[in-house]
Amino acid sequence: MRTALHRDTLQTLDAEGYEDAYGKPVDQYGHEVARPPALCEVCRQDVFLRAEHSKKRTPNFVHFEGSAFCPIKAFNGAAYRALNPVPGNPAHAQVLRADFFATWRYHWHEFDRIIHFATVESFVSVLQYADRHGIWHYRDMRVQDVLPVLLTLMDFPPLKKSKGYLRDYGLRFLYVGTVANTNEYWNLPAHQRHLIRAKYEFPGGTRTLQSDKISAKPLVVFDAAYLAARYDLNPNNQPVAHEVVVNAMARAFRV
Ligand SMILES: [Zn+2]
């Protein structure tokens, strides 16, 4: 990661900012300086600055060996994206699923707003995946709790249009904390469940999401009315979705 947090002020620091705060690695007499670690923006564990004065590599903040789980560390860890709900009440799961699809325009709208240009194909495929893996079975899950989990289940690469990009960066959504999977996330008290929207740059020939290409990691702020689940069940009073989106959802889920 190119940035981390100052351990006292929680300000975002890049390599230069870290040196400004804590000094250079070596003092004027050539002695190594013991500087405090910074904090990872995702899991809040200690991280140290590596390749600080390397000519070949970009300085980046790295976790200590033996530290607890962090999605930045286990960067391509498949388990992070697994859904393993404890089989809850099947009737509740059925109601939750029905409620979600009865109000899908709200979820699509919020999905698209948070991603900044989503495709209906990504919405359909992540929902099909979640559907197959029993997302509706999480205990006490409410309809407005589904979307945050959905967002963590896939990567959102840059989105091209005929010339240039609709969105020229990639996205991955991460749980805040040392949360290793959806079960752990779901077991947290509700006020501790947060998501980070990690933005990835694709310089030059980069084709994949790489943790040292993260350029921003803001928290996801869901719309207040969305979180309060103020949903109208009449489709005519729901947010308008493009015809292409409506047709794709009808084909995939018969809604
Ligand atoms: Zn971390």
Side-chain angles (χ1 to χ4, degrees), residues 69 71 74-115 117-159 170-177 179-188 190 193-198 200 208-209 220 222 226-227 229 231 233 235 238-239 241-255:
F69 179 89
F75 191 63
N76 288 311
Y80 189 64
R81 285 136 189 262
L83 292 172
N84 289 301
V86 182
N89 177 345
H92 173 263
Q94 232 171 34
V95 170
L96 176 60
R97 188 182 188 280
D99 286 351
F100 184 91
F101 283 107
T103 54
W104 70 265
R105 288 172 173 82
Y106 291 94
H107 312 304
W108 159 253
H109 194 258
E110 190 65 351
F111 182 82
D112 188 42
R113 184 187 72 80
I114 287 169
I115 293 168
F117 295 114
T119 61
V120 68
E121 289 77 18
S122 61
F123 191 59
V124 165
S125 58
V126 78
L127 264 172
Q128 285 172 332
Y129 174 86
D131 214 6
R132 279 199 305 277
H133 290 85
I135 192 170
W136 320 108
H137 289 270
Y138 281 101
R139 204 178 298 271
D140 303 325
M141 189 177 259
R142 302 166 305 166
V143 75
Q144 67 269 44
D145 299 325
V146 176
L147 185 59
V149 175
L150 286 183
L151 286 168
T152 65
L153 296 176
M154 71 183 291
D155 290 331
F156 301 92
L159 200 58
L171 288 175
R172 181 176 282 183
F173 291 87
L174 308 170
Y175 295 126
V176 173
V179 175
N181 54 53
T182 307
N183 284 15
E184 284 187 22
Y185 168 78
W186 193 246
N187 286 332
L188 289 173
R193 289 185 206 135
H194 298 293
L195 275 191
I196 279 174
R197 181 182 188 272
Y200 293 79
T208 52
L209 280 73
V220 176
F222 288 93
Y226 180 82
L227 278 190
Y231 310 142
L233 287 174
Q238 294 182 0
H242 193 281
E243 196 188 328
V244 172
V245 174
V246 173
N247 291 340
M249 286 298 287
R251 264 198 311 277
F253 301 106
R254 299 167 187 270
V255 289

Quick one: closest heavy-atom pair of [X] and [Y], and the distance?
{"X": "Ala252", "Y": "Val124", "answer": "CB-CG1, 3.6 Å"}
{"X": "Phe111", "Y": "Leu147", "answer": "CD1-CD1, 3.7 Å"}
{"X": "Pro148", "Y": "Leu195", "answer": "O-CD1, 3.5 Å"}
{"X": "Asp99", "Y": "Val143", "answer": "C-CG2, 3.9 Å"}
{"X": "Arg105", "Y": "Pro239", "answer": "CD-O, 3.3 Å"}
{"X": "Pro85", "Y": "His133", "answer": "CD-O, 3.7 Å"}

Quick check: does any side chain N or O of [X] sit under 3.5 Å from a backbone N or O of [Y], one acting as donor and the other as acceptor?
{"X": "Asn247", "Y": "Glu243", "value": "yes"}
{"X": "Asp155", "Y": "Arg172", "value": "no"}
{"X": "Tyr185", "Y": "His194", "value": "no"}
{"X": "Arg197", "Y": "Ile114", "value": "yes"}

Spacing of [X] atom [atom1] and [Y] atom [atom2] [to the nearest 0.5 Å]:
{"X": "Leu151", "Y": "Phe173", "atom1": "CG", "atom2": "CZ", "result": "5.0 Å"}
{"X": "Asn84", "Y": "Trp186", "atom1": "CG", "atom2": "CH2", "result": "15.5 Å"}
{"X": "His92", "Y": "Asp140", "atom1": "NE2", "atom2": "CG", "result": "6.5 Å"}
{"X": "Gln238", "Y": "His107", "atom1": "CD", "atom2": "NE2", "result": "8.5 Å"}
{"X": "Gln94", "Y": "His137", "atom1": "CD", "atom2": "NE2", "result": "8.5 Å"}
{"X": "Tyr175", "Y": "Arg193", "atom1": "OH", "atom2": "CZ", "result": "10.0 Å"}

(message) If you define the side chain from C-beta out and look only at heavy atoms, does anything of Arg97 sit under 4.5 Å from Phe101?
(response) yes
(request) Would you check, one step at a time, whether the test side chain to side chain contact (heavy atoms under 4.5 Å, CB included) holds for Met141 with Val149? (result) CA-CA 11 Å; Met141 189 177 259; Val149 175; 4.0 Å; yes
(message) As a test of understanding, state which of Trp104, Trp108, Phe253 forms a ring-ring contact (aromatic ring centres under 6.0 Å, His included) with Phe123.
(response) Trp108
(message) Taking atom CZ as the centre, does Arg113 end up with more than 12 heavy-atom neighbours from other residues, nucleotides or ligands that are less than 6.0 angstrom away?
(response) yes
(message) Show, in sequence, the C-alpha distance, side-chain angles and deciding distance for Asn183 and Tyr138, and conclude whether the side-chain hydrogen bond (donor to acceptor under 3.5 Å, both in side chains) test is met.
(response) CA-CA 8 Å; Asn183 284 15; Tyr138 281 101; 3.0 Å; yes
(message) Suppose we call two aromatic rings close when their centres sit under 6.0 Å apart. Are Phe100 and Trp136 close by that rule?
(response) yes
